[in-house]
Number of protein chains: 2
Amino acid sequence: MAVKTAPLTENQTANLADMFRLLGDPTRLRIVLATLDGPLPVGTIAAKLDLSQSLVSHHLRLLRGARIVRHERKGREVHYQIHDHHVACVIDDMIAHVSEVREAEL
Amino acid sequence: MAVKTAPLTENQTANLADMFRLLGDPTRLRIVLATLDGPLPVGTIAAKLDLSQSLVSHHLRLLRGARIVRHERKGREVHYQIHDHHVACVIDDMIAHVSEVREAEL
DNA sequence: TCTCCATATGAACACCTATTCATATATAAG
DNA sequence: CTTATATATGAATAGGTGTTCATATGGAGA
């Protein structure tokens, strides 16, 4: 199936690149992957990934700004989860692609 | 639909991040988007996007290494196109996501 | 109020990388 | 072999950013 590609505006291209760029850092990507499992407080994410609380918070701020994750206060904690299932799909597709490439290599 | 996420190995996560990172640069993304239209020689891509030949070549090298694009010699020219339709799908999904987000904002 | 805990934020630095410029390689034609 | 065109490559640099450390903010309980 050929893909129809209507030309994107400059802003659309920039937004698109931003999304990819934010997912392009290994640490940040690990954080995003962690938020796929469900709403998790910042401290739990940091502990699970063995990262400093500050670093996780910095990254979550960026991810929040791009609407890759959503947050919700629960008492003193702030729980983060993937923003929507569309973002999750994009990530899953890329995982599938990477897997296929690896298979083709072997 | 909830997404089942089998934990990825360190290498898989790194590969995944690399794919996203390569698509995360605006200039490189524009080049990738251009290759969606079909096999194009380097010079044509450079001209169409108003970029230097050297810059385009550098980026194509990286994209080739990650199997995001494929190349084929045609006489003196080297034609580039998107590597496979799976990569095209990932990009289209992200475009759709960005579009949806923009709509939700207005 | 004060204290504790969880998270956010600001500044500073070190590293990475996108870009440019110059040059090399490769293919085709005379 | 020489010339011309198309692409690739190497080095150098300027700007961006991921990380750390220190500190601030904010909610919960006494």
Side-chain angles (χ1 to χ4, degrees), chain A residues 10 13-35 38-83, chain B residues 10 13-35 38-83:
Chain A
E10 193 174 349
T13 307
N15 287 340
L16 196 60
D18 270 344
M19 288 296 257
F20 284 127
R21 183 177 55 81
L22 287 168
L23 296 173
D25 176 71
T27 303
R28 206 155 43 214
L29 180 59
R30 289 178 64 210
I31 294 174
V32 173
L33 293 175
T35 64
L40 290 179
V42 179
T44 301
I45 298 175
K48 183 182 284 191
L49 304 180
D50 194 35
L51 301 171
S52 77
Q53 176 270 323
S54 175
L55 182 56
V56 174
S57 185
H58 276 296
H59 282 309
L60 284 172
R61 184 168 143 86
L62 297 176
L63 294 170
R64 227 172 48 187
R67 300 171 194 272
I68 293 176
V69 299
R70 339 194 298 109
H71 70 295
E72 185 182 2
R73 267 215 109 91
K74 291 283 191 189
R76 317 185 203 187
E77 301 177 338
V78 179
H79 293 234
Y80 282 84
Q81 58 182 310
I82 202 77
H83 188 278
Chain B
E10 194 175 348
T13 307
N15 287 340
L16 196 60
D18 271 342
M19 288 295 257
F20 284 127
R21 183 176 55 81
L22 286 168
L23 296 174
D25 177 71
T27 303
R28 205 154 45 214
L29 180 59
R30 288 178 66 209
I31 294 174
V32 173
L33 293 175
T35 65
L40 290 178
V42 179
T44 302
I45 298 175
K48 184 182 283 192
L49 303 182
D50 193 34
L51 300 171
S52 77
Q53 177 269 323
S54 175
L55 181 56
V56 174
S57 185
H58 276 296
H59 282 308
L60 285 172
R61 183 168 146 86
L62 297 176
L63 294 170
R64 228 172 48 188
R67 300 172 194 274
I68 293 176
V69 300
R70 345 195 285 110
H71 70 294
E72 186 183 0
R73 267 216 108 91
K74 291 283 191 190
R76 317 187 204 187
E77 300 177 339
V78 179
H79 292 235
Y80 282 83
Q81 59 182 308
I82 201 78
H83 188 278

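What you see is a predicted model, and the numbers here were worked out from it, not measured in a lab. Every chain is numbered from 1 and lettered A, B, ... according to where its sequence line falls, protein lines coming before strand lines.
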- Query: Between which nucleotides of DNA chain D, 5' to 3', does chain A make heavy-atom contacts below 4.0 Å?
  - Reply: dT17(D) to dA28(D)
- Starting from C1' on dA11(C), measure out to CZ on Arg61(A) and report it in whole angstrom. 14 Å
- Task: Please tell me if the side chains of Leu23(A) and Ile68(A) come closer than 4.5 Å, counting only heavy atoms from C-beta onward.
- Result: yes
- Message: Rounded to whole Å, please give me the gap between CG in Leu23(B) and P in dA18(C).
- Response: 12 Å
- Could you state the atom-to-atom distance from CD1 of Ile31(B) to C1' of dT19(C) in whole Å? 12 Å
- Among dA18(C), dA6(C), dA8(C), find the nucleotide with the atom closest to the side chain of Ser57(A). dA8(C)
- Distance, nearest 0.5 Å, that separates NE2 of His83(A) from CZ of Arg70(A): 6.0 Å
- Of the non-hydrogen atoms in Val32(B) and Leu63(B), which two are nearest, and what is the gap between them? CG2-CD1, 3.5 Å
- Item | All side-chain contact (heavy atoms from CB on, under 4.5 Å) counterparts of Arg76(B), not counting sequence neighbours | none
- Check: Ile31(A) and Val69(A) side chains under 4.5 Å, non-hydrogen atoms: no
- Under a 4.0 Å heavy-atom cut-off, which of residues 48-56 of chain B touch DNA chain D? Gln53(B), Ser54(B)
- Rounded to whole angstroms, how far apart are CG on Leu40(A) and P on dT7(C)? 11 Å
- For Asp25(B), what residues pass the side-chain contact (heavy atoms from CB on, under 4.5 Å) criterion, not counting sequence neighbours? Thr27(B), Arg28(B), His59(B)
- Message: Rounded to whole Å, please give me the gap between CD in Glu77(A) and P in dC4(C).
- Response: 19 Å
- Message: Please tell me if His58(B) has a side-chain N or O lying less than 4.0 Å from either OP1 or OP2 of dT20(C).
- Response: no
- Given atom CG of Leu60(A) and atom P of dA8(C), what is their separation to the nearest angstrom? 7 Å
- Rounded to whole angstroms, how far apart are NE2 on His71(A) and P on dA6(C)? 18 Å
- What residue pairs, at least two apart or across chains, pass salt bridge (charged side-chain N to carboxylate O under 4.0 Å, His left out) with a residue in residues 41-64 of chain A? none
- Message: Rounded at 0.5 Å granularity, tell me how far CZ in Arg30(A) sits from CD1 in Ile45(A).
- Response: 11.5 Å
- Taking atom C1' of dA18(C) as reference, at what distance in whole Å does atom CG of Leu63(B) sit? 13 Å
- Residues that Glu77(B) engages under side chain to side chain donor-acceptor pair (under 3.5 Å), provided they are two or more places apart: His79(B)
- Among dA28(C), dA8(C), dT19(C), find the nucleotide with the atom closest to the side chain of His59(B). dT19(C)
